[in-house]
Amino acid sequence: YSPSQREEVARLGGVAETFTFGQDDETLTHDALECGTYYPSVFSNDAPAGYSLNVQVTDSACADDDAFSCNHSADRALPFSWNTTISDLTLCPKSEDWFKHRGNNAEIIASVRPTSGAALSSMSFQVFDAAGQQVAEATADGQELILNHTFPDDAFYTFRVSSTEAATYE
């Protein structure tokens, strides 16, 4: 089960299961649609016995395993610092990464640059205020998306990077 399914698991015992009497091998297939740690629960009705757990990831899965791999929504936006470059960030096709920072009553220039995978034209970089309203969008300039915006207050703003293709970016 995924992190957000803990209450459901407590109520139902699991979100996917397999149970077969008298067989040594059982297969369970589950689509892991949420980032985070998944927790298998293995048990036996017979006397205690050893077992092997084989986990396979299909080729169709996208490996969004960068340093911030769980920041795919505004409510899970991760803070970042101005004047820094964060490299090797990844996006799966049609996904988003979210970050947040205080406005600091200042003009800010920020950029997103694809380093492999997606074409710049498939990516977007936007800023939203505390009410969730878009207040700025980056424009393409050479090999990167440039955002030049004056933040009028000290509130938190969220920054969304999205792509229609798989991408590695900074």
Side-chain angles (χ1 to χ4, degrees), residues 1-9 14-16 29-40 55-170:
Y1 60 93
S2 66
S4 70
Q5 295 172 314
R6 287 187 179 140
E7 285 186 30
E8 185 178 353
V9 169
V15 295
T29 302
H30 179 69
D31 290 327
L33 301 177
E34 180 181 330
C35 66
T37 304
Y38 282 74
Y39 306 91
V55 178
Q56 296 178 343
V57 177
T58 64
D59 290 337
S60 62
C62 177
D64 182 357
D65 56 0
D66 61 36
F68 305 111
S69 62
C70 285
N71 63 329
H72 301 302
S73 63
D75 62 324
R76 295 190 69 147
L78 294 171
F80 70 95
S81 299
W82 299 129
N83 301 319
T84 60
T85 299
I86 305 169
S87 299
D88 298 321
L89 298 170
T90 57
L91 281 170
C92 291
K94 299 179 184 176
S95 69
E96 305 172 335
D97 279 346
W98 288 79
F99 303 91
K100 66 182 174 183
H101 201 288
R102 286 194 176 276
N104 294 341
N105 302 312
E107 179 181 16
I108 300 298
I109 299 174
S111 67
V112 167
R113 183 176 66 86
T115 55
S116 68
L120 184 64
S121 61
S122 73
M123 298 184 73
S124 65
F125 180 32
Q126 297 137 335
V127 180
F128 298 82
D129 64 17
Q133 299 297 311
Q134 182 177 323
V135 296
E137 183 163 8
T139 56
D141 184 6
Q143 299 297 312
E144 57 191 356
L145 296 171
I146 302 288
L147 177 76
N148 185 344
H149 184 71
T150 300
F151 293 89
D153 55 36
D154 193 18
F156 269 104
Y157 289 83
T158 54
F159 298 73
R160 177 176 66 191
V161 178
S162 60
S163 179
T164 58
E165 303 172 13
T168 301
Y169 69 98
E170 61 183 23

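- With hydrogens and angles left out, the side-chain atoms of Ser124 and Ser162 include a donor and acceptor closer than 3.5 Å.
- Rounded to the nearest 0.5 angstrom, Thr164 OG1 and Leu91 CG are separated by 10.5 Å.
- Annotation: salt bridge (charged side-chain N to carboxylate O under 4.0 Å, His left out) contacts involving residues 151-170, sequence neighbours excluded, comprise Glu96-Arg160, Arg113-Glu170.
- With sequence neighbours left out, Ala140 forms a side chain to side chain contact (heavy atoms under 4.5 Å, CB included) with Leu120, Leu145.
- Annotation: ring-ring contact (aromatic ring centres under 6.0 Å, His included) contacts of Phe80 (sequence neighbours excluded): Trp82, His101, Phe159.
- Leu89 CG to Asn71 CG: the interatomic distance, rounded to the nearest 0.5 Å, is 8.0 Å.
- Among all heavy-atom pairs drawn from Pro152 and Tyr157, the shortest one is CD-OH, 3.4 Å.
- Taking His149 as the reference, Phe151 meet the ring-ring contact (aromatic ring centres under 6.0 Å, His included) condition, with sequence neighbours excluded.
- Expressed to the nearest 0.5 Å, how far CZ of Phe128 lies from CH2 of Trp98 amounts to 4.5 Å.
- Of the listed residues (Asp97, Thr90, Thr115), just one forms a side chain to side chain donor-acceptor pair (under 3.5 Å) with Tyr169, and that residue is Asp97.
- Here the closest heavy-atom approach between residue Thr158 and residue Ala74 is recorded as CG2-O, 4.4 Å.
- Under the rule for a side chain to side chain contact (heavy atoms under 4.5 Å, CB included), Gln143 has no partner lying at least two apart in sequence or in another chain.
- Residue pairs meeting the salt bridge (charged side-chain N to carboxylate O under 4.0 Å, His left out) criterion with at least one partner in residues 83-95, sequence neighbours excluded, do not occur; the list is empty.
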